[in-house]
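As structure tokens, the structure follows; a few thoughts come after it.
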Amino acid sequence: MQVTETKNEGLAREFKVVVPAAQIEEKVVAKLDEIKDQVRLPGFRPGKVPAKLLRQRYGQSVMGEVLEAAVNENTGKVLSDNDLRPAVQPKIEVTKFDEGGDLEFDIAVEVIPTIEAMDFKKLKLTREVVELDDTKVNETLERIAAAQGTTAPLARKRKSKTGDVVVIDFLGKIGGEAFEGGKAEDYELELGSSSFIEGFEDQLTGTNVGDELVVKVKFPEEYGAAELAGKDAEFDVTVKEIKEKKPAELDDELAKKLGQESFEALKDAIRKDFGREYESVSRQKMKRELLDALAENHSFELPTSLVENELQGIIGQIKQAREAGQEDDETKGKSEEELTEEFREIAERRVLLGLLLAEVGRANDIQVTQEDVNKVLVAEAQKYPGQEQQVIEFYKNNPQALQALQGPVYEDKVVDYIVELAKVEEKTVSVEDLLKPEEEDEAPKKKSAAKKAPAKKDAEKKGSGQESCCQEAGCEEKSS
């Protein structure tokens, strides 16, 4: 093989490769010899088909296989010999090949830049800590008691109010004609539950037992039944009974209904849930702070192809949201040229962080273990009760989907490694301050650029999460 470097500018490399005809012929002969025992032709015993006939019958297909293998093998050797790590799949163009002649092809590739990570011991981060009290726990217990409660007839006569359950008969009409599905007797409706058409429950609030009234409403334009959508309707309603809700007793019996051994165990479980939630929020805030610091303290040339891929991914998401009628106000009415200009900096930030985190992980031999994979698989499967086994099988049979699932895990391990080296100061804050949106902070930091861009779904993430994790590097940042 003869290799000539034809371009070496920035991160761009190009090579011209010539594979001698003799080498191609040698591989064709070897391949034909390999398949001769499997060939069945009339008049010939297995393995006894003449080489000339074998080449006539199978030469073209074998040649195609040999050429493809030669291009792949020699491309890998060129990259390895020159110690190059491609940022994306190299572009290959076969420029010359005639049977019996040399194979000539060009390789164009962008490489991963040399990255010098900062001294992470110089980083200063803040971990916000919440001192748990029983306020939120008690509020949660009250909601549980209400949800697990019962209803009972009013102890004394009064008008209905939000939260009551009214027992009603009703008959719906459009244009004076009853419509299918618009009639019921002894129907129990909780006022304020928004389970009926907008305005229906409001008109029953403040009624007495025995009241007969006409409730006037309009079906939504997007109502499921096309024959009713957007139409005005009247319901003849009779209020037959009013019940008030009685919350369940906060005791051991309630706790056991919810799978806990005692009321104190229930309280402790709720307290732990809040602790995990607050710890997760605190981690995400510290991680955003870390990513901001990493972006500010690192600068290196970025592969154009990666930036363009990331940018087109962002713009593609905006277009999809636009087509679905779910576009953010920030981007409405903007052309593709305007979006490209606006989001380029975000794409560059994501690529920079991705390459940096990948390099830190590579340099420090950070790996996603089988135990890590099992944990994330179980967590993902638990999101689909009753279908856990199917979910696990899906990921086991789809390597790309599994890699996308592993990407954030790998990123978190790299982030944890950096945090261990950094100086982390704990700051006690209130729950309200911990959960306060970033822009409401008293001294708001520069908002993460990627927060302006649409969050990517896990299924859209690409890369292995290790050697090339430019997509994964911003995955938590994108969704935070």
Side-chain angles (χ1 to χ4, degrees), residues 1-115 301-309 355 358-359 362-363 399-400 403 462-464 466-470:
M1 174 182 67
Q2 179 184 341
V3 180
T4 306
E5 186 174 55
T6 57
K7 184 176 181 179
N8 187 334
E9 298 176 6
L11 301 178
R13 303 285 190 277
E14 292 184 8
F15 300 89
K16 178 173 287 294
V17 181
V18 179
V19 182
Q23 186 176 331
I24 299 295
E25 176 62 17
E26 180 183 340
K27 291 184 179 295
V28 169
V29 170
K31 185 67 177 178
L32 289 172
D33 188 61
E34 181 183 321
I35 68 172
K36 69 178 182 181
D37 292 336
Q38 304 166 20
V39 172
R40 298 290 186 270
L41 289 179
F44 297 98
R45 288 180 296 162
K48 298 300 182 179
V49 178
K52 185 177 180 180
L53 181 57
L54 201 61
R55 184 182 283 266
Q56 287 176 350
R57 286 290 186 96
Y58 300 100
Q60 288 298 317
S61 61
V62 167
M63 180 65 75
E65 290 181 33
V66 167
L67 291 178
E68 182 179 1
V71 168
N72 292 335
E73 178 184 334
N74 287 286
T75 297
K77 191 172 189 314
V78 169
L79 297 177
S80 176
D81 290 348
N82 289 276
D83 196 24
L84 301 178
R85 288 193 296 149
V88 294
Q89 191 72 16
K91 293 180 180 179
I92 309 296
E93 181 183 0
V94 175
T95 56
K96 182 179 179 182
F97 178 73
D98 294 315
E99 191 165 351
D102 295 342
L103 166 66
E104 298 183 12
F105 64 94
D106 294 337
I107 303 172
V109 62
E110 270 197 299
V111 298
I112 293 176
T114 300
I115 300 172
E301 187 176 0
L302 303 176
T304 303
S305 52
L306 288 184
V307 174
E308 290 302 318
N309 288 346
L355 292 174
E359 179 60 23
R362 188 186 71 86
Q400 281 190 319
Q403 284 181 353
K462 301 175 182 177
S464 66
Q466 297 192 30
E467 284 301 313
S468 178
C469 69
C470 71

Pair E99-I24, side chain to side chain contact (heavy atoms under 4.5 Å, CB included): steps then yes or no: CA-CA 9 Å; E99 191 165 351; I24 299 295; over 6 Å; no
Give the intermediate values and the outcome of side chain to side chain contact (heavy atoms under 4.5 Å, CB included) for residues K96 and V18. CA-CA 9 Å; K96 182 179 179 182; V18 179; over 6 Å; no
So, taking the atom named CG in N74 and the one named CD in Q23, what distance separates them when rounded to the nearest 0.5 Å? 6.0 Å
To the nearest 0.5 Å, atom CG of L302 lies from atom CG of L11 at 8.0 Å
Kindly determine whether V19 and F105 satisfy side chain to side chain contact (heavy atoms under 4.5 Å, CB included), including the steps that lead there. CA-CA 9 Å; V19 182; F105 64 94; 4.1 Å; yes
Taking the basic N atoms (NZ, or NE/NH1/NH2) and the acidic carboxylate oxygens, is any pair closer than 4.0 Å for K31 and E68? no
For L79 against P90, the heavy-atom pair lying closest together: CD1-CG, 4.0 Å
Closest heavy-atom pair, P303 versus V111, reported as atoms and distance to 0.1 Å, is CG-O, 3.9 Å
Measuring from K27:NZ to L32:CG, what's the distance to the nearest 0.5 Å? 13.5 Å
Strictly distance-based, threshold 3.5 Å: is any side-chain N or O of N8 a donor or acceptor partner for the main-chain N or O of R13? no
E14 side, atom CD; I107 side, atom CD1 - distance, nearest 0.5 Å: 10.5 Å
Enter the distance from T6:OG1 to F15:CZ here, rounded to the nearest 0.5 Å. 8.0 Å
Between CE on residue M63 and CZ on residue R55, distance to nearest 0.5 Å: 6.5 Å
Of all heavy-atom pairs between L355 and P113, which one has the smallest distance, and what is that distance? CD1-CD, 4.1 Å
Ignoring hydrogens, what is the shortest heavy-atom contact between V88 and V109? Give both atom names and the distance. O-CG2, 4.3 Å
Worked verdict on K16 versus D106 for side chain to side chain contact (heavy atoms under 4.5 Å, CB included): CA-CA 5 Å; K16 178 173 287 294; D106 294 337; 3.1 Å; yes
Answer yes or no: is there a side-chain heavy-atom contact under 4.5 Å between E359 and R85? yes
Mind checking whether V78 and M1 have side chains closer than 4.5 Å, heavy atoms only? yes
Does any N or O in the side chain of E301 come within less than 3.5 Å of the main-chain N or O of G10, such that one atom is a donor and the other an acceptor? no
Decide if atom CG of D81 counts as having more than 12 heavy atoms of other residues, nucleotides or ligands within a radius under 6.0 Å. yes
Using only atom types and a distance under 3.5 Å, with no angle test, would you say the side chain of D33 pairs donor to acceptor with the backbone of V29? no
